[in-house]
Amino acid sequence: MNRTLITDALTVPAPGADLTVAGWVRTVRISKGGFCFIHLNDGSCFDSIQIVADKDLHNYETEILHLTAGTSIAASGKLVESPAKAQRVELHAAEVSLIGTCDGEQYPIQPKRHSFEFLRTQAHLRPRTNTFGAVARVRNAVSAAIHDFFQSRGFLYVHTPIITASDCEGAGTLFRVTTMDPAEPPRDDAGNVDFAQDFFGRPTYLTVSGQLDVEAYACALGNVYTFGPTFRAENSNTPRHLAEFWMVEPEMAFADLTANADLAEDFLKHVFTAVLDRCGRDMEFFNERIDETIIETLKGIIDSQFARISYTEAVDRLAQADRKWEYTVEWGNDLQTEHERYLTEEVFKVPVIITDYPAAIKPFYMRLSDDGKTVAAMDVLVPKVGEIIGGSQREERLDVLVQRMGQLALNPQDYWWYADLRRYGTVPHAGFGLGLERTVQFATGMANIRDVIPYPRTPRSAEF
RNA sequence: UCCCCGAUAGCUCAAUUGGUAGAGCGAGCGGCUGUUAACCGCUAGGUUCUAGGUUCGAGUCCUAGUCGGGGAGCCA
């Protein structure tokens, strides 16, 4: 079939062409007087095309009059200007052929408003709805923009492993990867499970981050990034967490925290610009139906200068705020959601980059500052979603790194190769991690992260 | 994991102090119309999440569980 994408059909400058479109029926309005209107969507764009089918078509009585939502059809005919206002062009069908029937009584997706909760139980069919089609296109645009941004700046795309043996980065609980029979695992003489007999000859897990691996490539190739799925076995039940999600992690050699923050700010602006440019119609929809401020918010961020304050300044501001905090504000305590939201939503009203956190509440790989109390860490906070980026300048001094591991009761043996990067030609370097789903969530205004990934994995939920 | 809230037709929701379970959408049939997730009429569609309990009587009250949602923690 030589089909024309509906997005192309709707945007041809001068109608008049004969063409064929194919897709899934959204609605059918029948005129017993002699024709019917079929709205057809093929996912190539937000809008459906209107097909006008006349009673003279050979299958008008037998098939066309019985079309229901969800049916797949192909239609050929002439594209003409529409006499009505709601659409610029429409297809006058010379032929409508039924491809796949769809029992209207059984089909779960109706031309009406469904709850997102219900649509989650129909994850295989929900991309046929306006909202989830739009989310899929925005997610694609964000992914492409991520690659555009880094590729255009000479960053090398590095594929870090999904299966990993490092098990203690402090980034959350891991999923174990094994081929052993859980009912009867091999055991050693002491009766303990013997992972030496497992597939890899040692315990292995799904990665929680590609950072440590990608650092090695930064310390050879300069500027790099990894972009792939990551896994956290945390029992987190919130609209902002998934057990499986995608993360982008750039890493720059010969770079400090300021360069890192600059990169993060440019990066977010680039991504949101691309979304507005490439998904205009989808974004109009989100602005109409999901969050009436979303386009304004994205434009505001693109034009804004991100606020940058140190953790110490943030604590001061929170302590002086005329407000009761549920969690005590005190230097040394981590900032809570209520604090982060206050800063980004009420004080600055733009994204905020908070830097220089206390060393005690951050992982071993972050660079210890000269004050001996803080590390060169940064979080980028955005309104509603909260933390969207976390990053740091890495500790490049071997002695300090080993000392920090000791303080956190980590075994340097487990990180021998990571330490090697400091042992052989060490350089200052920095990077960050950005959650893809949180970015899509923020860009679309979707309230629940489970609705911006095709098949969400959360505690007790892995259907599909 | 903790705290709150919820579960009624395929879907979205009503149902007064505990007293005969309703509507819209969707579906089928009919009418009408260059319509715009059209409109009008008729029809079909229910083990009120599960298991117990209180009561003459439970969708409604109590207990436990399951599932879902919101908030918190953990984080991206």
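In what follows, chains carry the letters A, B, and so on, assigned in the order in which the sequence lines appear, proteins first and then strands, with residues in each chain numbered from 1.
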Discussion item. Nearest to the A:His241 side chain among B:rG34, B:rC75, B:rU36, which nucleotide is it?
Written reply: B:rC75
Item to complete: Report the residue (A:Asp103 or A:Gln87) whose heavy-atom-nearest nucleotide on RNA chain B is the more 5′ of the two.
Response: A:Asp103
Worksheet, complete the sentence: Across all chains, not counting sequence neighbours, the side chain to side chain donor-acceptor pair (under 3.5 Å) partners of A:Arg317 are none
Discussion item. Using a heavy-atom cut-off of 4.0 Å across all strands, would you classify A:Gln441 as base, sugar-phosphate, or nothing?
Written reply: nothing
Worksheet item: How does protein reach along nucleotides 2-11 of chain B, written 5' to 3' as B (base within reach of a heavy atom under 4.0 Å), S (only sugar-phosphate), or - (no contact)?
Response: --------BB
Worksheet item: Which is true for A:Gln50 with a 4.0 Å heavy-atom rule: it touches a base, it touches only sugar-phosphate, or it touches nothing?
Response: base
Discussion item. What is the distance, to the nearest angstrom, from the CD atom on A:Glu437 to the P atom on B:rC75?
Written reply: 19 Å
Worksheet item: side chain to side chain donor-acceptor pair (under 3.5 Å) with A:His147: which residues, sequence neighbours excluded?
Response: A:Tyr225
Worksheet item: Say you pick atom C1' in B:rG45 and the same atom in B:rG22; how far apart are they, in whole Å?
Response: 13 Å
Item to complete: Would you confirm whether the ring centroid of A:Phe267 sits within less than 6.0 angstrom of the ring centroid of A:Phe150?
Response: yes
Fill in: Ring-ring centroid check A:Phe442 A:Phe272, cutoff 6.0 Å
yes
Worksheet entry | Among B:rA37, B:rC74, B:rA76, the nucleotide that comes nearest once only the side chain of A:Gln336 is considered | B:rC74
Practice prompt. Report the residues that fulfil salt bridge (charged side-chain N to carboxylate O under 4.0 Å, His left out) with A:Glu387, sequence neighbours left out, ordered by chain and then residue number.
Written response: none
Just the table, please: protein N/O against nucleotides 38-40 of chain B N/O, every pair under 3.5 Å.
{"residue": "B:rA38", "atom": "OP2", "partner": "A:Arg29", "partner atom": "NH1", "Å": "2.1"}

Item to complete: With P as the reference atom in both, quote the distance from B:rG70 to B:rG65 in angstrom, rounded to an integer.
Response: 22 Å
Worksheet entry | ring-ring contact (aromatic ring centres under 6.0 Å, His included) evaluation trace for A:Phe348 with A:Phe306 | CA-CA 9 Å; A:Phe348 294 105; A:Phe306 290 16; over 10 Å; no
Worksheet item: Base, sugar-phosphate, or nothing for A:Tyr327, non-hydrogen atoms under 4.0 angstrom?
Response: sugar-phosphate
Discussion item. Could you check whether atom CZ of A:Arg176 has more than 12 heavy atoms from other residues, nucleotides or ligands sitting under 6.0 Å from it?
Written reply: yes
Worksheet item: Within this structure, what is the CG-to-P distance between A:Asp451 and B:rG68, rounded to whole angstrom?
Response: 13 Å
Practice prompt. Please find out if less than 6.0 Å separates the ring center of A:Tyr60 from that of A:His58.
Written response: no
Worksheet item: Between A:Trp325 (CH2) and B:rA72 (P), how many Å, whole number?
Response: 13 Å
Item to complete: Under 4.0 Å between any heavy atoms, over every strand shown, what does A:Arg120 touch: base, sugar-phosphate, or nothing? Just pick one.
Response: sugar-phosphate
Worksheet entry | For A:Asp18, all residues meeting side chain to side chain donor-acceptor pair (under 3.5 Å), sequence neighbours excluded | none
Worksheet item: When you measure from every atom of RNA chain B, which of residues 38-47 of chain A have a heavy atom less than 4.0 Å away?
Response: A:His39
Discussion item. Can you build the contact string for nucleotides 46-51 of chain B? Use B for base contact, S for sugar-phosphate-only contact, and - for no protein heavy atom under 4.0 Å.
Written reply: ------
Fill in: Side chain of A:Arg438 - closest among B:rA76, B:rG68, B:rA72
B:rA76
Discussion item. With the stacking rule set at 5.5 Å and 30°, tell me whether A:Phe37 counts as stacking on B:rG34.
Written reply: no
Worksheet item: With a 4.0 Å cut-off on heavy atoms, is A:Leu242 in touch with a base, just the backbone sugar-phosphate, or nothing at all?
Response: base
Worksheet item: Quick one: which of B:rC67, B:rA76, B:rC74 gets closest to the side chain of A:Arg460?
Response: B:rC67
Worksheet item: Looking at A:Tyr415 versus A:Phe364, is the centre-to-centre ring distance below 6.0 Å?
Response: yes
Response to the item:
Output field dot_bracket for RNA chain B (Watson-Crick or G-U, both distances under 3.5 Å, | for other-strand pairs) contains (((((((..((((.....[..)))).(((((.......))))).....(((((..]....))))))))))))....
Worksheet item: For the pair made of CG in A:Leu65 and C1' in B:rG31, what is the distance, rounded to whole Å?
Response: 15 Å
Discussion item. Using a 4.0 Å cut-off on heavy atoms, which residues in residues 339-360 of chain A reach RNA chain B? List them by number, or say none.
Written reply: none
Fill in: Nucleotide nearest A:Glu117 (side chain, heavy atoms from C-beta), chosen from B:rA72, B:rG68, B:rG34
B:rG68
Item to complete: Scan A:Thr230 against the nucleic acid and name what it touches under 4.0 Å (heavy atoms): base, sugar-phosphate only, or nothing.
Response: nothing
Worksheet item: Out of B:rU1, B:rU36, B:rC74, which nucleotide sits closest to the side chain of A:Asn235?
Response: B:rU1
Practice prompt. Taking side chain to side chain donor-acceptor pair (under 3.5 Å) as the test, write out the residues that go with A:Arg323, two or more places apart.
Written response: A:Glu346
Response to the item:
Here the residues of residues 259-271 of chain A within 4.0 Å heavy-atom distance, strictly under, of RNA chain B are none
Worksheet entry | Candidate pair A:Thr71 and A:Tyr107, rule side chain to side chain contact (heavy atoms under 4.5 Å, CB included), full reasoning | CA-CA 10 Å; A:Thr71 306; A:Tyr107 187 54; over 6 Å; no
